[in-house]
Amino acid sequence: MKSLQLPRTLVNQLLTQAQKNTEIEACGLIGHSDQGFSLYPVDNIARQSEQLFEMDPQQQIAAMKAMREKGEQLFAIYHSHPNAPASPSATDWEQMSYKDVYYLIISLNTVGVLEMTAYWPAKNNFAKVALEIS
């Protein structure tokens, strides 16, 4: 099984972002370079934002531009589930279109425990990845 190691500071940023508005699915991008990771929150413009996410296109483009300017690569796409486990919905599976980035899902459906899962494209599917926080 593939594994992913993330720094605790990034995980804390992700959790904080997800908890800013627990009524909607938070979403965004994570960039990476030799200097580390950068979080790029993007507004969720989905009509049913409590159970779906759709990134604001202009903000997504701006985040990708900022990554390029900082010499970063797109590393991961993240979103939260306010009322569901940290596993992909049928819509999440359909929307996993990038084939060379991680997908992170954060569940807010827990009390006092971080539930986050990671997935990586594999053949015709996406495989769950062992997540390690350092």
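Just so you know, these numbers come straight off a predicted model, no measurement behind them.
For the atom pair Glu69 CD and Met64 CE, the distance stands at 12.5 Å (nearest 0.5 Å). We find the CD-CD distance between Gln95 and Glu54 to be 8.0 Å, quoted to the nearest 0.5 Å. Atom-to-atom distance recorded for Met96:CE and Thr91:OG1 is 11.0 Å, nearest 0.5 angstrom. Distance CE/Met67 to CG/Leu29: 4.5 Å, rounded to 0.5 Å. Here the straight-line distance linking atom CD of Gln60 with atom OH of Tyr40 works out to 13.5 Å at 0.5 Å rounding. Once rounded to the nearest 0.5 Å, the distance linking CG of Leu52 with CD1 of Ile45 reads 12.0 Å.
No more than 12 heavy-atom neighbours from other residues, nucleotides or ligands sit within 6.0 angstrom of CD on Gln73. Within 6.0 Å of NZ on Lys99 lie more than 12 heavy atoms contributed by other residues, nucleotides or ligands.
Residues Leu10 and Ile105 do not share a hydrophobic cluster, defined by chaining ILVMFWY side chains whose heavy atoms lie under 4.5 Å apart. Under the 4.5 Å side-chain heavy-atom criterion for grouping Ile, Leu, Val, Met, Phe, Trp and Tyr, Ile77 is not connected to Leu14 through any hydrophobic cluster. Following chains of ILVMFWY side-chain contacts shorter than 4.5 Å, one can reach Leu104 starting from Trp120, so the two form part of one hydrophobic cluster. Under a hydrophobic-cluster definition in which Ile, Leu, Val, Met, Phe, Trp and Tyr are linked whenever side-chain heavy atoms come within less than 4.5 Å, directly or via other members, Val101 and Ile61 are assigned to different clusters.
Closest non-hydrogen pair, Phe53 versus Cys27, comes out as CD1-CB, 3.5 Å. Across every non-hydrogen atom of Val129 and Leu4, the tightest pair is CG1-N, 3.6 Å.
In summary, of the residues considered (Trp93, Phe126, Tyr102, Tyr78), a ring-ring contact (aromatic ring centres under 6.0 Å, His included) with Tyr119 occurs for Trp93 alone. For the side chain to side chain donor-acceptor pair (under 3.5 Å) criterion with His81, the lone passing option out of Asn109, Thr117, Asp92 is Asp92.
Judged purely by atom type and a 3.5 angstrom limit, Gln59 uses its side chain to pair as donor or acceptor with the backbone of Asp43. Between the side chain of Tyr98 and the main chain of Pro121, no donor-acceptor pair closer than 3.5 Å is present.
Residues Asn44 and Met55 fail the side-chain proximity criterion, which asks for heavy atoms closer than 4.5 Å. Between Lys70 and Ser33, the closest side-chain pair of non-hydrogen atoms is not below 4.5 Å. Side-chain contact between Leu6 and Ile30 is absent, with no heavy-atom pair separated by less than 4.5 Å. With contacts defined as side-chain heavy-atom distances shorter than 4.5 Å, the pair Val11/Leu131 does not qualify.
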Scan the side chains in residues 16-26 for donor-acceptor partners under 3.5 Å anywhere in the protein, sequence neighbours excluded, and list what turns up.
residue	atom	partner	partner atom	Å
Thr16	OG1	Asn12	O	2.9
Asn21	OD1	Glu23	N	3.1

